[in-house]
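Have a look at the structure below before the remarks.
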Amino acid sequence: MDEKEREAWYQFHHRKYGIPSDHLRREFEAELSGQNPVDAPLEVPDKMEILFKYSYGQQSRFFRELRENKAIYGARCNECGKVYCPPRSHCNDCYQPTEWVRLEGTGVIRACTVQHYTTSAFIKKLPFICAYVQLDGTDFLLMTNMEVEDVRKIAVGTRVKAVFREERHGSITDFYFKPIE
Amino acid sequence: MRDVAIVGMGCTKFKARWVDKTYYELAFDAAKMALEDAGVDKDRIDCAVYGIYNDFFQRQYQPDAFVHDYLGLGLKPMVRVNSGGATGGAALRIGYAEVASGLYDICLVLGVEKCADCYNYEVAMATPEVLRAILYTADMTYDNPAGRTAASGFALAVVAHREKYGNPTDEQMAKVSVKNHFNATKNPVAQSPKIITVEDVLNSRMIVEPFRFYDNCLYTEGAAAVILASKKVAHEITDNPVWIGGLGASVDYVMPGNRPNIYTYESSRVAARKAYEMAGITNPLKELDLAELHDAFTGTEIMAYEDCFFCEEGRGGDLIDEGAVMPGGEIPVNLSGGLIGCGHAVGATGIMQTFEIATHLRGQAGERQAPNARRGLVQSIGGTLCTWTVCLVLEN
Ligand SMILES: [Zn+2]
């Protein structure tokens with residue numbers, strides 16, 4: 001391909017996939033300028049993407065309470081009394097329905113580690129804490145990440161409380177945990 | 001149930017990237033090797049089971065159908081299995097059931113994975129985008145938004161184990177890494193043959209505490225296949241069948257918050273117990289000659305010593321310190337190099353491990369041959385904090 005054709009190729013793939021043109025140039029200039037033998041493996045960009053409008057089903061109230069009322073709810077089994085958070089409509093032991101209970105939003109770290117490497121989507125947050133939190137009044141653990149100034153201050157047994165974000169979307173990330181001083 | 005034997009097998013080289021092959025071309029290579037090894041034509045295959053983990057890796061939903069087509073097995077029944085890191089072991093379990101049940105006489109079990117087509121253009125590397133593809137296997141509502149990785153899940157368990165029992169220590173984990181990289185130097189299909197020291201491991205950069213770079217397996221592309229046959233057909237086909245003498249499987253709660261503890265991998269304990277029961281094993285340390293354990297991380301290999309009952313709970317660290325799991329030890333573990341040394345081509349991994357044990361049982365492992373190998377264990381695990389485990393006891 002000549003220079004004009006290559007430029008068009010970069011623009012087309014930049015528009016289609018959102019990959020910056022200079023990255024495309026870095027990866028594909030050798031190929032497009034004819035430096036690779038005809039039988040060499042040919043690499044091309046692609047992206048898989050699907051849009052959704054999905055329902056939280058029987059967990060809907062949990063997320064609406066987060067967004068509207070800055071409140072965390074658990075689900076208590078009518079039969080055995082265990083309180084689930086994440087919530088569920090039926091106990092997975094008794095198979096009986098649960099009812100909503102409002103939680104304090106305080107809890108304790110049951111397991112934690114520090115991530116120094118992660119996925120493309122989270123790489124800018126490193127290092128951060130990956131932990132299981134047991135909210136007070138519940139019998140289960142909630143996976144969370146914590147961005148804190150000093151990761152050494154977080155350990156098993158650390159008491160934490162939920163802090164709500166100003167901008168909430170009705171998702172689990174509407175709140176985050178920080179240690180109780 | 002009928003007895004089931006491995007009568008043919010093949011494994012491609014495990015590599016960081018097979019830029020010159022697609023996933024179905026890799027699958028073809030492994031299938032061709034396995035058919036040639038068994039000395040049978042593909043028309044003798046009655047059915048197939050494909051272990052393929054992540055559709056993003058293959059850039060294809062329902063990749064099994066395209067593998068089946070490419071292998072020329074049209075009109076034969078097949079099924080695809082996906083059980084996270086345990087996909088290969090789980091595929092073997094279904095293949096075993098197909099033959100043991102009497103439904104079919106010859107079953108091809110093939111695992112393949114091609115992860116490194118995922119690519120992060122910003123950092124010009126595959127790994128962070130591979131991890132992003134894997135993150136879609138975390139619960140999408142509650143866990144995915146926390147940005148955890150497979151490593152952080154397993155790290156949480158190792159940390160919990162360490163808090164309870166004081167091990168595995170950093171040094172013990174480093175010794176496992178040194179062992180598995182060394183073992184890989186004797187395995188022609190291995191991705192990471194390396195002579196390294198405990199200090200090299202301890203000085204490598206932290207990934208997820210307590211795992212440093214060399215504590216982690218690498219992502220791998222490759223394919224592995226075995227051909228399973230009923231006893232009658234096995235004796236027609238081969239003089240050196242390898243028998244599946246025991247098989248156990250268990251699936252734990254995928255949301256670890258629903259488990260009573262996270263300092264053991266309960267699915268592994270249940271699966272190992274079942275496999276030993278079926279094989280009539282009461283003292284695995286004495287009655288097994290070698291094992292391939294799923295060392296996605298060094299710390300998980302040490303926990304697997306306990307979960308497979310090579311020692312008491314809490315004493316896993318001793319086995320690497322005492323050398324029992326070293327080549328020539330009481331129960332050499334991961335003579336292939338394991339996931340750390342040979343590689344982790346997810347869907348193919350459990351089948352590569354099986355290929356390795358069967359190679360020893362046939363006496364064909366060359367430089368790394370375990371002496372007098374009569375019986376070996378394969379442990380295949382996967383999912384958040386070891387959700388899935390499949391264990392197989394292989395015998396000659
Ligand atoms: Zn209940």
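Every heavy atom of this structure was used, including side-chain atoms; hydrogens, water molecules and symmetry mates were not. Keep in mind the model is a prediction, meaning the values are calculated, not measured. Labels below follow one simple rule: chain letters A, B, ... track the order of the sequence lines, proteins then strands, and each chain is numbered from 1.
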Using the ring centroid of each side chain, check whether [X] and [Y] are separated by less than 6.0 Å.
| X | Y | answer |
| --- | --- | --- |
| B/F66 | B/Y24 | no |
| B/Y265 | B/F154 | yes |
| B/Y136 | B/Y53 | no |

Let me know if [X] has heavy atoms under 4.5 Å from chain B in its side chain, its backbone, both or neither.
| X | answer |
| --- | --- |
| A/R110 | neither |
| A/E27 | side chain |
| A/F62 | side chain |
| A/F63 | side chain |
| A/Q134 | neither |
| A/P127 | neither |
| A/N92 | side chain |
| A/T173 | side chain |

Next item on the list: Name the region of B/A133, side chain, backbone, both or neither, that has any atom closer than 4.5 Å to a heavy atom of chain A.
Entry: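 Neither part, no heavy atoms under 4.5 Å.
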Item checked: Distance under 6.0 Å and angle within 45° of ring axis: B/R212 vs B/Y214 ->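 Not flagged: B/R212 not positioned over aromatic ring of B/Y214.
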Checklist line | Face-on cation placement of A/K47 at A/Y17 ring, 6.0 Å and 45° thresholds | finding: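 Not flagged: A/K47 not positioned over aromatic ring of A/Y17.
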